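Reviewing the structure listed below.
Just so it is clear, the model here is predicted, and its values are computed rather than measured. Here is the naming used below: chain letters follow the sequence lines, and residue numbers restart at 1 for every chain.
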2 protein chains.
Amino acid sequence: MSCGNADLLVRALPAARRTRQRGAVLHVLVDCSDFVSAQQLHALTTADGIGVGLTTVYRTLRELEAYGRVDVVRDDAGERLYRLRPFGRHRHYLVCRSCGRSRAVDAEVVEAWVDEIGESAGFDAVEHTVELTGICATCRSATPPLAGGGEQ
Amino acid sequence: MSCGNADLLVRALPAARRTRQRGAVLHVLVDCSDFVSAQQLHALTTADGIGVGLTTVYRTLRELEAYGRVDVVRDDAGERLYRLRPFGRHRHYLVCRSCGRSRAVDAEVVEAWVDEIGESAGFDAVEHTVELTGICATCRSATPPLAGGGEQ
DNA sequence: AATAGAAATGGTATTCATTTTCATATATGG
DNA sequence: CCATATATGAAAATGAATACCATTTCTATT
Ligand SMILES: [Mn+2]
Ligand SMILES: [Mn+2]
Ligand SMILES: [Zn+2]
Ligand SMILES: [Zn+2]
């Protein structure tokens, strides 16, 4: 799906060169509607026949992150998951802990709150992480309730 | 500082037994005004002469987390940092990326936002992570500006 | 097209937080 | 004191992320 899309992204990176590998990572990333890990991307490019070294996958992701082209979250195990950032501005997501599907949420309220907090505390260069997880309606109706719990 | 405080916490945990080790971890934790890692806690108990196994440190922290007695953030490297939760209800923090000092911030706005998002999306058991980092006033005036950047 | 130099690649080794295992120690109720 | 469920911790395993560095590949220039 969408070949020109990945090309645009390659161009958006500061890297001096357009390589087959970087293109492959971006191409796979464009096709992923949800968050994926570096390891998954590595496996996906391999499955596509376009082998890309794990090192390069990490490098490309780090670069994408540094230039604000992806949103990043961490799963329960702490693994980083990446997703292309739709329109320049970053987004926040509500992710289902059961099936992994995510949806972007409107976080204007939070963005404003962050600005105000930073300002009133006299902090510079304030960055923020906001992650929401839950159980989506589909998964709830498909899964028997489990005991325990603890989060307040 | 404050001996009874740690005792109270030991009692608050569901564990069946009060052990020297768990007490030691809690005791050190009470003395930490800022976020600390499991590794640091391990080193601190060792320095205190009360050697506690790394495994036990991790176990105790996991338990504290499960029962909502600590707030958890991740540093840039992804390492988990723990801090005792002041009054039952969890808090969010603004952490200085330079000196590590943190201050709790008022996040009622965000809590309300989270509830609303979860509800309107039809998600159950919504959990959230909100982390703010920046450069505090003290560090700013003490540090020469660095080039680059990227976060938008 | 050939060339040179800079940048990118990727296999391998390494790091390091966290988890698992399991044999041993200990807390606690009776 | 005893029995035993529970807790401990040394050692090994795990696994994501990074460092190293010899080799390959762009790309501007001649
Ligand atoms: Mn935001
Ligand atoms: Mn909150
Ligand atoms: Zn789901
Ligand atoms: Zn500071």
Side-chain angles (χ1 to χ4, degrees), chain A residues 6-7 9-29 35-67 70 72-83 100, chain B residues 6-7 9-29 35-67 70 72-83 100:
Chain A
D7 288 349
L9 278 165
V10 181
R11 204 131 316 185
L13 287 178
R17 300 181 184 172
R18 313 286 125 74
T19 65
R20 183 178 61 79
Q21 291 88 338
R22 216 167 292 202
V25 172
L26 287 164
H27 196 276
V28 171
L29 205 50
F35 287 92
V36 282
S37 67
Q39 306 281 345
Q40 285 172 336
L41 283 171
H42 178 242
L44 285 170
T45 55
T46 303
D48 267 14
I50 335 159
V52 177
L54 191 53
T55 308
T56 298
V57 173
Y58 274 106
R59 257 193 302 248
T60 306
L61 288 173
R62 227 185 308 163
E63 212 161 315
L64 284 168
E65 185 180 2
Y67 286 84
V70 288
V72 187
V73 297
R74 282 172 183 285
D75 68 12
D76 289 329
E79 193 175 2
R80 294 173 117 98
L81 305 179
Y82 301 84
R83 176 168 163 162
Chain B
D7 289 347
L9 279 164
V10 181
R11 204 132 316 184
L13 287 178
R17 297 180 187 175
R18 311 287 126 75
T19 65
R20 183 177 61 77
Q21 290 88 340
R22 216 167 292 198
V25 172
L26 287 164
H27 197 273
V28 172
L29 204 49
F35 286 93
V36 282
S37 68
Q39 306 281 344
Q40 286 173 335
L41 283 171
H42 178 241
L44 286 170
T45 56
T46 302
D48 267 13
I50 336 160
V52 177
L54 192 53
T55 310
T56 298
V57 173
Y58 275 106
R59 258 194 302 248
T60 305
L61 287 173
R62 228 184 306 162
E63 213 162 315
L64 285 168
E65 184 180 3
Y67 286 84
V70 289
V72 187
V73 299
R74 283 171 184 285
D75 67 12
D76 289 331
E79 192 176 3
R80 293 172 117 98
L81 305 178
Y82 302 84
R83 176 168 160 161

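Nearest heavy atoms, V70(B) versus L61(B): CG2-O, 4.5 Å.
For the pair E65(B) CD and dT19(C) C1', the interatomic distance rounds to 15 Å; values are reported in whole Å. Counting to the nearest Å, the C1' atom of dA16(D) and the CG atom of L41(A) are 14 Å from each other. As rounded to whole Å, 12 Å separates atom P of dT9(C) from atom CZ of R18(A). When the C1' atom of dA17(D) is taken as reference, atom CG of L81(A) falls 14 Å away, rounded to whole Å. When the C1' atom of dT9(C) is taken as reference, atom CG of L61(A) falls 15 Å away, rounded to whole Å.
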Exercise. Let me have a per-nucleotide readout for nucleotides 8-14 of chain D, 5' to 3', with B, S or -, counting only protein heavy atoms under 4.0 Å.
Key: BBBB---
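Direction change of the helix axis from one end of the helix from dA1(C)-dT30(D) to dG30(C)-dC1(D) to the other is 30°, with five pairs defining each end axis (rounded to 10°).
Atom CG of residue L81(A) and atom CG of residue L41(A) lie 10.0 Å apart, to the nearest 0.5 angstrom. Note that OG1 of T45(B) and CZ of R20(B) are 9.5 Å apart. Values are rounded to the nearest 0.5 Å. Put simply, OH on Y82(B) and CD on Q40(B) are 12.0 Å apart, with the number rounded to the nearest 0.5 Å. One finds the CD atom of E63(B) at 4.5 Å from the CZ atom of R22(B) (value rounded to the nearest 0.5 Å). To the nearest 0.5 Å, atoms CG (L64(A)) and CG (L29(A)) are separated by 6.5 Å.
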Quiz item: Taking it one step at a time, do R80(B) and F35(B) satisfy side chain to side chain contact (heavy atoms under 4.5 Å, CB included)?
Solution: CA-CA 9 Å; R80(B) 293 172 117 98; F35(B) 286 93; over 6 Å; no
Please enumerate all protein N or O atoms sitting under 3.5 Å from an N or O of nucleotides 15-17 of chain C, with distances to 0.1 Å.
none

N/O to N/O distances under 3.5 Å, protein versus nucleotides 2-5 of chain D:
from, atom 1, to, atom 2, distance (Å)
dA5(D), N3, R17(B), NH2, 2.2

Mind listing the side-chain donor-acceptor pairs of residues 47-56 of chain A below 3.5 Å, one per line with the distance, residues two or more places apart or on another chain?
from, atom 1, to, atom 2, distance (Å)
T56(A), OG1, R59(A), NH2, 3.4

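Legend: residues meeting salt bridge (Lys or Arg N to Asp or Glu O under 4.0 Å) with R83(B), ordered by chain and number and at least two apart, are D34(B).
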